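Bear in mind the structure is a predicted one, so any value in this text is a computation, not a measurement.
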Amino acid sequence: MPTNSCKIIIIGAGVSGITTGIVLQLLGYQTHIITRDRPDQPRNPSDPAFASLYPSASIIPHSVYGDDVLRYFRDSLQVFECLYNQHFQGLSINKHYEVFEYEKPTPEYAPLMINFRRIDNCWKSEKDVPSLPSTQELFGWSFNCYFADWPIYMPQLFTWYEELGGSITLQELCPRDLDHLSSPFVNCSGLSGRTLFGDTNSNAVLKGHLVRVETNDLRLCTNSKISYNYNPKPPIYADAAGNAQDLYCYPREDGLILGGSRLEGTVSGEGKWDGVSIGSESVNIDGHEIPAPIIDINREILAHSYGINLSKFRKRTAYTGYRYIRKKSKGLRLEKGSTSGRLRIHNYGHGGAGVTLSWGCAMQVARLLIEEVPPNKESLGGQSILDLLRTKVKMQRLTKGT
């Protein structure tokens, strides 16, 4: 049970806010989340600025910039491993492929992935590698990857947080409200941080599109689930500025998530997009203009590589959302400071890696907080935060949920 009488305020209930709340509750703090919306019970399920409404969600550090990203990713992976071993609902391990129709160096995160290996020389003879009928050259790698089935995983996080004694208030804050918050507080507000904390000089956003193909019968299976990121040459799929775009296909319990796009731009305070446009033909799904290659090229890959006829599955839902990357020179903001003399910790700017880095960044928030406000009765006892979290997770009843 929480033991610190000082209540920690967390602004925002996206994946960063809720995992921060869970970590702090497990360490003995009492937390309270203030948020304008919550992804497990959204009032506006199509809000593109609330990225935690619709992650894909692969645990891979894509589209994120900043110092120590790999360290936070490594810490996150260890928590995901612990949760997976405890059969936390919504977590799976997929055999994942990242392939390119052009040469690509091995990524920095390669040593952290399970069973990572390059497939440049064996892709033609390997059964499950995604490719097109016209593919002549293919480069890339495969590994075993954690995935969060979002409609299952995210509600479990909220159930867990509230079972730990955390509380949530639905309220949209404005800058003057910050003067009335107790100290300390953690800012996990994402795009809202621009107006709440004046972070207007780093307003870079990636606009993404995805399509959920619904069915209870569709499986990409051999001995395990298969997922992929496929990168065609820019003439095949690029944005209006000529930047190469990647496609992906991730299985869920109720079907597939197809993507994607990473259009660079900015978003005004009123939520208006100003940036690179779709460079290909588009298709209208539910009022959303979706790049046609998301459907067309994925359909070819699925048919050619896995024998799946995507056209059979007509029930589809489209989403458009923003990934807040701030700027490549600034990127992830994870630091402590003060507002009117009160301790403040920022935890936002995760780009496309909010789920991926969630646990590692929450642990770093805890480290920064412990330096200033240690738990009252329950100390680390010589353990690292990670070791203590492992112990706490193993004590939780995480398999049933509600």
- [ ] Before accepting this row, confirm whether a basic side-chain N of the pair K95/E126 lies closer than 4.0 Å to the acidic partner's carboxylate O.
- [x] yes
Open item on the list: Once you measure the plane-to-plane angle for Y250 and F147, does it fall in the parallel (<30°), tilted (30-60°) or perpendicular (>60°) bin?
Closed with: perpendicular
Open item on the list: Can you tell me if Q171 has over 12 outside heavy atoms packed within less than 6.0 Å of its CD?
Closed with: yes
TODO: Could you check whether the rings of F116 and F143 sit parallel, tilted or perpendicular, using 30° and 60° as the cut-offs?
DONE: parallel
Open item on the list: Rounded at 0.5 Å granularity, tell me how far CD1 in I33 sits from CD1 in I10.
Closed with: 5.0 Å
- [ ] Decide, yes or no, whether a salt bridge links D67 with R333 under the criterion of side-chain N to carboxylate O below 4.0 Å.
- [x] no
Open item on the list: Below 30° counts as parallel, above 60° as perpendicular, anything between as tilted: where do the rings of Y153 and F80 land?
Closed with: tilted
Open item on the list: One thing to verify: whether E214 and R212 come together as a salt bridge, which I'm taking to mean a side-chain N less than 4.0 angstrom from a carboxylate O.
Closed with: yes
Open item on the list: Nearest 0.5 angstrom please: Y146 OH to I114 CD1, how far?
Closed with: 4.0 Å
Open item on the list: Can you tell whether the side chains of R262 and D239 come within less than 4.0 Å, N to carboxylate O?
Closed with: no
- [ ] Inspect the contact between K336 and E371 and indicate whether a charged nitrogen and a carboxylate oxygen are less than 4.0 angstrom apart.
- [x] yes
TODO: Any chance you could lay out the side-chain contact (heavy atoms from CB on, under 4.5 Å) test for E98 and Y230, step after step, and finish with the verdict?
DONE: CA-CA 6 Å; E98 292 186 314; Y230 190 91; over 6 Å; no
Open item on the list: For a 4.5 angstrom cut-off between non-hydrogen side-chain atoms, does M154 reach I18?
Closed with: yes
Open item on the list: Tell me whether the count of non-hydrogen atoms from other residues, nucleotides or ligands lying under 6.0 Å of CG in N121 goes above 12.
Closed with: no
Open item on the list: Strictly below 4.0 Å, N to O, side chains only: are R118 and D120 in salt-bridge contact?
Closed with: yes
